[in-house]
Amino acid sequence: MPAAAEGARTVAECPRKLFMPTADGRLIALDPQTGGVCTGFGENGQINLWANMPHVAPGGYYSTSPVVVTRDLVIIGGTVLDNVSTREPSGVIRAFDVNTGALVWNWDSGNPEQTAPLPPGQTYTPNSPNSWSISSVDEALGMLYVPLGNQPPDQWGGRRSDVVERFSSAVVALDLRTGRVRWVFQTVHHDLWDYDVPAQPSLIDLTVDGRRVPALVQPTKQGELYVLNRETGAPILPVTEVAAPQGAAPGDRTAPTQPVSRLSYEPPLLTGAEMWGATILDQLACRIALRRLRYEGRYTPPSLQGSLIYPGNFGVFNWGGIAVDPERQVAFTTPTYLAFVSRLVPRQDDTTLYVQGGNRPAGSLPALGENFGAPFAVQLHPFTSVLGLPCQEPPWGYVAGADLTTGAIAWRHPNGTTRDASPVPLPFAMGVPNLGGPVMTAGGVAFLSGTIDDYVRAYDVTHGREIWRSRLPAGGQATPMTYLGRDGRQYLVVVAGGHGSLGTRAGDHVIAYALPRGS
């Protein structure tokens, strides 16, 4: 059947589609009215994302974020395993016909000029930088904006090619029609800290010097908010190259400078005075541990000695990103500050488990941190005391408001309590980590549910003060959504499922709140 006729048949069968990526590497099209599969899409309703992939292995590649849907295309990226081996699948970005599922173009950051669909029998570039986060699209400009990570292993980059270096830890603008690169902005040079770009770029039009400018706001793990012209990639708020610590591990190098935005949430340098603990002995142990680590501020290279990485790879900002207000031209942000320890472990062979311990059994699960094929494994963990508490003094998490036209941080408040993160459930308002983004309404109210205490909160974005909260039955590590109901009331929906890495309470709750009638 000709493609046009096939597309018409698929539209008639499923005039609306819900696209669902799966953990085993498929993309399924569903009818949102019935939940049935749109059988005319792809192969009987689904696309096999393992097609043309190198190093096929269950669990080695999957999509961790929603797809991007345009008028004509459904576009998808995916994650590869960090710090397991140098033989991982590709980080290719693929665009499929939104009606038929036919591959329209593929962009592989390891082979960026070849965007025509790859024929059967050929494979994409192994280990190329991938996009596990959420992309954005501007159909008027005809561009897709992709946040990229780096090539594994994260903490040692001695064998990265020039092509890989160009796109690692960068925002890349791709042409919607062809998939070719329109511009690229790198947020970290020669990334050795797992500072991959973690969040969806926010698109907003800003008034700068009396004229309207199409902008892109990109939060990063290291605490920068880059405000760029989304048509050209040029910075709107100034970006300065600042000297960075030197001295990489054997066989590697460090970039001489790193880019710093005028709008920066960079934390101050940690010293012994900032070490903290539940007891005096706990605090003393943290001070001793700090003195034993290599630490020269942000961008301290990983080392065999062990380096303090602050901010850590959990990020100042992570998956949830930020919320922007196109009228006020401000951002509501949720910076988190947690230090990590990164220690490189020399590898002598590709069978010994230098981090996990023992030998690598055939058919075993991925061994995180081992970096098979690289000269170093990596031990990576939070910088905590023997009691499991962060060694640095609180606050560890904030809400903050920023002016996107000037780069000024207008206000900042510690956010959240230790009620659900300590042996004794006392609600000390210390400011706790957050994983899950905010949403902001036109009325100047922001909602957030991602803190490690089980609450959803509302804030006045003018000054950042909390104006409402509600207790959740589980961790709310997701971004809330809001919509206007048929009854004219505004609703807020929160998903409370918990998060394994943060240890918050697990659940399967979807909870809706509504403003009082007549409000």
Side-chain angles (χ1 to χ4, degrees), residues 10 14 17-31 35-69 73-111 114-135 144 146-154 174 179 196 198 200 319 362-368 372-373 500-501:
T10 306
C14 279
K17 295 182 184 67
L18 173 67
F19 292 101
M20 184 178 71
T22 68
D24 60 356
R26 293 176 294 150
L27 175 62
I28 302 174
L30 302 175
D31 185 332
V37 174
C38 299
T39 57
F41 180 83
E43 296 292 329
N44 198 32
Q46 61 184 323
I47 293 170
N48 176 19
L49 298 175
W50 282 105
N52 299 102
M53 274 290 183
H55 306 316
V56 176
Y61 173 86
Y62 53 95
S63 294
T64 51
S65 295
V67 300
V68 171
V69 180
L73 301 172
V74 53
I75 305 168
I76 189 167
T79 189
V80 300
L81 296 175
D82 282 350
N83 300 322
V84 172
S85 81
T86 58
R87 292 175 54 82
E88 298 299 329
S90 177
V92 63
I93 309 297
R94 284 172 282 190
F96 300 93
D97 185 286
V98 75
N99 293 313
T100 67
L103 182 61
V104 176
W105 54 258
N106 38 229
W107 182 74
D108 176 358
S109 56
N111 186 20
Q114 177 59 46
T115 62
L118 209 61
Q122 295 186 21
T123 57
Y124 302 114
T125 306
N127 264 27
S128 55
N130 65 298
S131 182
W132 55 263
S133 190
I134 308 168
S135 295
L144 171 76
V146 182
L148 284 175
N150 59 21
Q151 183 183 66
D154 290 324
L174 301 179
D196 42 36
Q200 183 177 36
W319 211 332
S364 61
L365 293 173
L368 294 176
F372 296 111
S501 296

Self-check item: All ring pair (Phe, Tyr, Trp, His ring centres under 6.0 Å) counterparts of Trp105, not counting sequence neighbours
Solution: none
Practice problem: Verify, without hydrogens or angle tests, whether Gln200 (side chain) and Ser135 (backbone) share a donor-acceptor contact under 3.5 angstrom. | Solution: yes
Quiz item: Which heavy-atom pair separates Gly179 from Leu174 by the least distance, and what is that distance?
Solution: O-CD2, 3.6 Å
Quiz item: In chain order, what residues pass the ring pair (Phe, Tyr, Trp, His ring centres under 6.0 Å) check against Tyr124, with sequence neighbours excluded?
Solution: none
Exercise. Just jot down the salt bridge (charged side-chain N to carboxylate O under 4.0 Å, His left out) partners of Asp196, sequence neighbours excluded, or say none.
Key: Lys221
Quiz item: Taking only residues two or more places apart in sequence or in another chain, which ones pass side-chain hydrogen bond (donor to acceptor under 3.5 Å, both in side chains) with Glu88?
Solution: Ser85
Quiz item: Do the side chain of Thr39 and the main chain of Gly45 share a donor and acceptor less than 3.5 angstrom apart?
Solution: no
Quiz item: If you take all heavy atoms of Ile76 and Ser63, which pair is closest and at what distance?
Solution: CD1-OG, 3.1 Å
Self-check item: Closest heavy-atom pair and its distance - Cys38, Leu30
Solution: SG-C, 3.6 Å
Quiz prompt | side-chain hydrogen bond (donor to acceptor under 3.5 Å, both in side chains) partners for Ser133, two or more places apart | solution = none
Self-check item: Residues Phe41, Phe96; criterion ring-ring contact (aromatic ring centres under 6.0 Å, His included); working and verdict
Solution: CA-CA 10 Å; Phe41 180 83; Phe96 300 93; 7.5 Å; no
Quiz item: Any donor and acceptor pair, going by atom type alone, linking the side chain of Asn106 with main-chain N or O of Val92 inside 3.5 Å?
Solution: no
Practice problem: Give the minimum heavy-atom separation between Cys14 and Asp31, together with the two atoms involved. | Solution: SG-CB, 4.0 Å
Exercise. Apply side-chain hydrogen bond (donor to acceptor under 3.5 Å, both in side chains) to Ser128 and list each qualifying residue two or more places apart in sequence or on a separate chain.
Key: Ser90, Asp108
Quiz item: Any side-chain heavy-atom pair from Pro129 and Asn150 closer than 4.5 angstrom?
Solution: no
Practice problem: For Thr100 and Ala102, indicate whether the former's side chain and the latter's backbone hold a donor-acceptor pair under 3.5 Å. | Solution: yes
Quiz item: Got a sec, which residues hit side chain to side chain contact (heavy atoms under 4.5 Å, CB included) with Val104, two or more places apart in sequence or on another chain?
Solution: Leu73, Asp97
Quiz prompt | Residue list, side chain to side chain contact (heavy atoms under 4.5 Å, CB included) with Pro126, at least two apart or on another chain | solution = Pro54, His55
Exercise. Could you tell me which residues satisfy side chain to side chain contact (heavy atoms under 4.5 Å, CB included) with Gln122, sequence neighbours excluded, listed by chain and number?
Key: Leu118, Pro119
Exercise. Kindly indicate whether the side chain of Thr86, heavy atoms from C-beta on, has any atom under 4.5 Å from the side chain of Pro152.
Key: no
Self-check item: Side-chain (Arg26) to main-chain (Met20) donor-acceptor, under 3.5 angstrom
Solution: no
Quiz prompt | side chain to side chain contact (heavy atoms under 4.5 Å, CB included) against Tyr62, all qualifying residues, sequence neighbours excluded | solution = Thr64, Thr79
Quiz prompt | Check: Met53 main-chain N/O paired with Thr123 side-chain donor or acceptor under 3.5 Å | solution = no
Quiz prompt | All side-chain hydrogen bond (donor to acceptor under 3.5 Å, both in side chains) counterparts of Asn111, not counting sequence neighbours | solution = none
